[in-house]
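In what follows, a structure is listed as structure tokens, so that the remarks can point back to it.
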Amino acid sequence: MTARPYVLLSAAMSVDGYLDDTSPERLLLSNAEDFDRVDQVRAESDAILIGANTMRKDNPRLLVNSDERRAQRVADGKPAYPLKVTVTRTGDLAADLKFWHHGGDKLVVTVDSAVEKVRATLGDLADVVSVGPDLDWGLVLDELGRRGVKQLMVEGGGTIHTQLMAQNLADEVHLAVAPLLVGQADAPKFLSAANYPGGSTSRMRLLEARAIGDVVLLRYAPKERG
């Protein structure tokens, strides 16, 4: 049986747990030094995943920005850029999003009812695969494992982070906590209400706590609960 990838959730959030505010412009929570750290983690990963909602809202390119890091990947026998992955149940993806037109290979994981719609929309911009009638995260990870993905970096959004944490599929969490308060009930949060493994008294193991300028990086092992 092919091994599933090591799943690393990466997010920057405000002190009160928000990924963004409700303004039209993206709220920059990290600082330059932390953005560089994220670039390093991307370079170390075999694939980077975001949800379709995040893609539509933020329209990211989702690249390894450092020339040196891309060169090192190539020297190590890897593509210059990690595989870029998105998941969608509806198939509502536009072909003009930046995600498709920058970097290397792209993959869309969807369901049976949307697979032909996505293929018709994207053409040869991405490989498209269905995991069946429902979006089963275990099957998503199995598919990525078959494609040689050993480390998967998940950059959101909050719905995907919540689902992976609730299903006990995240191996590591990187949280960059910014010294900001959003305080807007309609703003997106890192995690939503869910039945998390072990309940509210189950403590995850802390792997690292480190100041990066005015941001604090917290690394946790979600599967190691006491």
Between the side chains of [X] and [Y], does any donor sit under 3.5 Å from an acceptor?
{"X": "T22", "Y": "D186", "value": "no"}
{"X": "Y18", "Y": "Q184", "value": "no"}
{"X": "S10", "Y": "E155", "value": "no"}
{"X": "S66", "Y": "E68", "value": "yes"}
{"X": "H161", "Y": "Q163", "value": "no"}

Could you grab the distance from atom [atom1] of [X] to atom [atom2] of [Y], nearest 0.5 Å is fine?
{"X": "D171", "Y": "K223", "atom1": "CG", "atom2": "NZ", "answer": "3.5 Å"}
{"X": "L8", "Y": "E44", "atom1": "CG", "atom2": "CD", "answer": "9.0 Å"}
{"X": "E116", "Y": "S130", "atom1": "CD", "atom2": "OG", "answer": "9.5 Å"}
{"X": "M55", "Y": "K84", "atom1": "CE", "atom2": "NZ", "answer": "8.0 Å"}
{"X": "L28", "Y": "L180", "atom1": "CG", "atom2": "CG", "answer": "10.0 Å"}
{"X": "S202", "Y": "R225", "atom1": "OG", "atom2": "CZ", "answer": "5.0 Å"}

Using a strict 4.0 Å threshold on nitrogen-to-oxygen distance, state whether [X] and [Y] make a salt bridge.
{"X": "K150", "Y": "D46", "answer": "no"}
{"X": "K57", "Y": "D20", "answer": "yes"}
{"X": "E143", "Y": "R147", "answer": "yes"}
{"X": "D76", "Y": "R73", "answer": "no"}
{"X": "D142", "Y": "R4", "answer": "yes"}
{"X": "D92", "Y": "R56", "answer": "no"}
{"X": "D127", "Y": "K106", "answer": "no"}

Side-chain (H101) to main-chain (A95) donor-acceptor, under 3.5 angstrom = yes
Membership question, hydrophobic clusters at under 4.5 Å side-chain separation (ILVMFWY): are [Y] and [X] in the same one?
{"X": "L9", "Y": "L141", "value": "yes"}
{"X": "M165", "Y": "L169", "value": "yes"}
{"X": "Y196", "Y": "M13", "value": "yes"}
{"X": "Y220", "Y": "V216", "value": "yes"}
{"X": "I50", "Y": "W137", "value": "no"}

When you look at Q40 and D36, which way does the side-chain hydrogen bond (donor to acceptor under 3.5 Å, both in side chains) test go after all the steps?
-> CA-CA 6 Å; Q40 177 64 41; D36 187 65; over 6 Å; no
Atom CD of E208 with >12 non-hydrogen neighbours under 6.0 angstrom = yes
Can you establish whether the number of heavy atoms outside N65 located under 6.0 Å from its atom CG is more than 12?
-> yes
Is there side-chain contact between [X] and [Y], with heavy atoms separated by less than 4.5 Å?
{"X": "L218", "Y": "V177", "answer": "yes"}
{"X": "V129", "Y": "V108", "answer": "no"}
{"X": "L93", "Y": "W100", "answer": "yes"}

Stepwise side-chain hydrogen bond (donor to acceptor under 3.5 Å, both in side chains) test for Y6 and E172 = CA-CA 8 Å; Y6 184 88; E172 188 171 335; 2.5 Å; yes
